[in-house]
Amino acid sequence: MLSILMRPTAKSLPPKPLSKLTLRTTTTTTMKEPQPFDETTTPHADRLIATLDTNPPIKTLRNLHTHLILRSLAADPHTSIKLMRAYAARGDTVTVRSLFDGIPQKTVVSFNVLIRSYVNNGLHREALLAFRDMSAHRARPDNYTFPCALKACSCGGEGFLVVARQIHAAALKPGLDANLYVGNALITMYFKCARSSADARRVFSSMARDVVSWNALIAGLAQKGESVEAVTALKEMVGAARRVEPDGGTLASVLPALTSGASVDDIAFVGGVFDGMRRKVSVAWNAMIAAYVNNSMPAEALMIFNRMEAEGAEPNEVTYASVIPACGDHSALGEGRRVHEQVEAKGLRPNIVLENALIGMYAKCGRFDLARGVFKSMRRHDIVSWTSMVSAYGMHGHGEESLRLFEQMLGSGLSPDAIAFVAVLFACSHSGLLDEGRGLFDRMVHKYRIVPRLEHFSCMVDLFGRAGQVEEAYELIKTMPMNPNDKIWGALLGGCRAHSNTSIGLIAADELFKLSPKESGYYVLLSNIYAKAEKWDKVETVRNVMKIRGVAKAPGCSKVELGKTVHTFLIGDQSHPQSKEIYAELDALSARMKEAGYVTLTESALHDVEEEDKEGHLAVHSEKLAIAFAIINTEPGTPILITKNLRICDDCHRAIKVISAIAGREIIVRDTNRFHRFELGACSCGDYW
DNA sequence: GTAGGGTTAG
């Protein structure tokens, strides 16, 4: 058991590497027979104790502890404290407590370590009880105690405000509120325990400030949803007369204020703060990558990651957990695989967070096989792993598989949460599994007691709408307990379009124009409905309304990865260096497509482009350009993955089916919310999307 | 011998 500490080589090693040796050999030595005890090779007591500071794994720690007991070294108060700290770092608060109980004379320090152990392991109640017990042991809380006790209150949230105020008052008496650590803990405590930000701000403005104080202020505001105030605070910090340099923590703190919907200016400002940092610690890199990922800027996130590598900063698991989804969002399969290799090479697996991210990344890159490979190779699966796989199947139109997997998850004993149901309901809607979807919704509400959210209703409306039950979908919207959002009405409008229901379609469109008057997609959907009904005057009206309201059509844009680069094409794009060849290839394809009996569907072309462009190159949808580009630049037979920012139009859908047959290519198109896999003239969506 | 803010997957 004590073998690792008694290796014959230990004596010849200099003091420093001992801890490394101990750490590194743990896993292997546990397999071996214990080596005979040899007094001459026993490490010096100082070195053993020093090893406690290296955050040893729990097994090593227990060995070490036993060894210290056997050598009567464990009873020393200083050593006890170190042992407590080491056990706390490994989450063993029970042992921490028993070590504490074994200390005959409790000092402030021993209390401080105990309280901190509890707080860091989520036991804030126990921490506060220990704090209360201090007076009975005549231990006076000091500048180390108060920050921990206040942090315990912060973890407890609003219910702990009264206790927290008492602790604040207790800190005032010895004048400890002037201590930076105490002050900073007070800022965070008031943000977490008090409803308004006023108390926190008051503490902040009345004290001396360092970088942590600013970070606490920014984090508190950002987490309270006061995004504008958080960014303003960051600007004040940067422009403050007594300059405080932002650090990685500053960027991490402002991050919640930059989640989806942050202004371009704010993101640029934060990017500027990042660029201006002289020393960039890993948290800074990670936060910047996350900021871009959270704002749908995966290309920028990948650029930061590449810069990080170029500058020799070491990516850690947090970095990978952010950059892997960026690869997925950007459909950068090559980059994703490269990152995956790094994860493997660094031995970061098993790591469920990274593995779950990898599943999602491969699924988004159309590599269902690789997603499944990661899933199968995992040591254990949690709700996120299963949900990732369920939605991977769903996105690829494998509704039945998705359902089977969902049931398998239930069979494994995990209980589904709201997000798992979103995934499986989504899969049902995209495969037209009406009855199954209905049954699942019922089980969700009655068996699992999950209160349906907007997303669930959105799936159900979609499910009914696609299945042609537009009235039932509308009925559901009218009876649901919350206000429908644009996604819900959009799902209804989509159903109306698929099943030519003009009257309900108009109702949906009306609501949508109130909720999202600038969203061009809804106008296009409505005009599609009119076009299908051949109401050309109405089509014209919709177009005019768009002009009057200044609604710009979102330009169709398709991405395709070649080597390390993701190439982007806009509708009618002629800016690519290979533009000539691309259009030549398209012409050649068109000729062969006509031979194969393909005729242009004017209905969809009509509403995505202006009349006069219909025959010209401006009419060429981006996905066709991307496909032609990929055909030219890859070996015959290579599968092609295209990612689109809009829903694929009918004409392109028909055209790509034909192209897949005549070019002999598997073509996978990821549009706004699902995958189309075209092969041999057919699509995996079964023309139902 | 001990302390404050902050980054990761569906």
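Values reported hereafter were calculated over all heavy atoms of this structure, with side chains retained and with hydrogens, waters and symmetry mates removed. Order of the sequence lines sets the chain letters (A, B, ...), proteins ahead of strands, with each chain counted from 1.
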Worksheet entry | Length of the CG-P vector between A:Asp247 and B:dT7, whole Å | 13 Å
Discussion item. Counting distance alone, no hydrogens or angles: does the base of B:dG10 have a donor or acceptor under 3.5 Å from a partner atom on the side chain of A:Asp417?
Written reply: yes
Discussion item. Using OP1 and OP2 only, check whether a side-chain N or O of A:Arg85 sits under 4.0 Å from B:dT2.
Written reply: yes
Worksheet item: What class does the angle between the rings of A:Phe675 and A:His396 fall in, given that below 30° is parallel, 30 to 60° is tilted and above 60° is perpendicular?
Response: parallel
Discussion item. Under 3.5 Å, is there any donor-acceptor pair linking the side chain of A:Thr387 to the base of B:dG10?
Written reply: yes
Practice prompt. Mind listing the residues from residues 132-146 of chain A sitting with a heavy atom below 4.0 Å of DNA chain B? Number order is fine.
Written response: A:Asn143, A:Tyr144
Item to complete: Specify the separation, in whole Å, of atom CE of A:Met84 and atom P of B:dT2.
Response: 12 Å
Item to complete: Between B:dA9, B:dT8, B:dG6, spot the one nearest the side chain of A:Val283, thanks.
Response: B:dG6
Item to complete: Taking only the side-chain heavy atoms of A:Ser253 (C-beta and beyond), determine which of B:dT8, B:dA9, B:dG6 contains the nearest atom.
Response: B:dG6
Worksheet item: Roughly, in whole Å, what's the span from CG in A:Asn120 to P in B:dT2?
Response: 13 Å
Discussion item. Counting only side-chain heavy atoms from C-beta out, which of B:dG6, B:dG1, B:dA9 sits nearest to A:Ala357?
Written reply: B:dA9
Worksheet entry | Closest non-hydrogen atom pair, A:Ser385 against A:Met378 | OG-CE, 3.6 Å
Worksheet entry | Selection from B:dA9, B:dT7, B:dG10 that lies nearest to any side-chain heavy atom of A:Ile383 | B:dG10
Fill in: Minimum heavy-atom distance A:Arg209-A:Ser205, with the two atoms named
NH1-CA, 3.4 Å
Worksheet item: Hey, does A:Gly248 reach any base, or is it just sugar-phosphate, or nothing, if we go heavy atoms under 4.0 Å?
Response: base
Worksheet item: To the side chain of A:Val109, which of B:dT8, B:dG1, B:dA9 is closest?
Response: B:dG1
Discussion item. Taking the minimum atom-to-atom distance to the side chain of A:Asn356, which one of B:dA9, B:dT2, B:dT7 wins?
Written reply: B:dA9
Fill in: Gap between atoms CZ and P, on A:Arg379 and B:dA9 respectively (whole Å)
22 Å
Discussion item. In this structure, how many angstroms lie between the C1' atom of B:dG10 and the CZ atom of A:Phe406, rounded?
Written reply: 13 Å
Worksheet, complete the sentence: Considering only heavy side-chain atoms of A:Ala420, the closest of B:dT2, B:dG10, B:dG6 is B:dG10
Worksheet item: A:Leu52 CG to B:dT2 P: how many Å, rounded?
Response: 11 Å
Worksheet entry | Closest non-hydrogen atom pair, A:Pro315 against A:Met308 | CA-CE, 3.6 Å
Worksheet item: What is the nucleic acid contact for A:Leu255, judged by heavy atoms within less than 4.0 Å: base, sugar-phosphate only, or nothing?
Response: sugar-phosphate
Item to complete: Write down the atom of A:Ile359, the atom of A:Ala371, and the distance for their closest heavy-atom approach.
Response: O-CB, 3.6 Å
Worksheet item: Can you find a heavy atom in the side chain of A:Tyr190 that is under 4.5 Å from one in the side chain of A:Arg202?
Response: no
Practice prompt. Of all the heavy-atom pairs spanning A:Gly271 and A:Met288, show the shortest one and how long it is.
Written response: CA-CE, 3.6 Å
Response to the item:
Heavy-atom nearest pair, A:Ala257 first then A:Ala262, reads O-CB, 4.5 Å
Worksheet item: A:Met277 has an atom CE; how far is it from atom C1' of B:dT7, in whole Å?
Response: 12 Å
Worksheet item: Quick one: are A:Arg349 and A:Leu354 in side-chain contact, heavy atoms under 4.5 Å?
Response: no
Worksheet item: Base, sugar-phosphate, or nothing: which does A:Asn316 touch, judged by heavy atoms less than 4.0 Å apart?
Response: nothing
Worksheet item: A:Ser385 near the nucleic acid: base, sugar-phosphate alone, or nothing, with a heavy-atom cut-off under 4.0 Å?
Response: nothing
Item to complete: Just compare B:dG10, B:dG1, B:dT8 and give me whichever is closest to any side-chain atom of A:His78.
Response: B:dG1
Discussion item. Heavy atoms only, 4.0 Å cut-off, all strands: where does A:Ala219 land among base, sugar-phosphate and nothing?
Written reply: sugar-phosphate
Item to complete: Would you mind reading off the distance between A:Arg380 atom CZ and B:dA9 atom C1', rounded to a whole angstrom?
Response: 12 Å
Practice prompt. Could you tell me whether A:Glu455 contacts a base, only the sugar-phosphate backbone, or nothing, with contacts defined as non-hydrogen atoms closer than 4.0 Å?
Written response: nothing
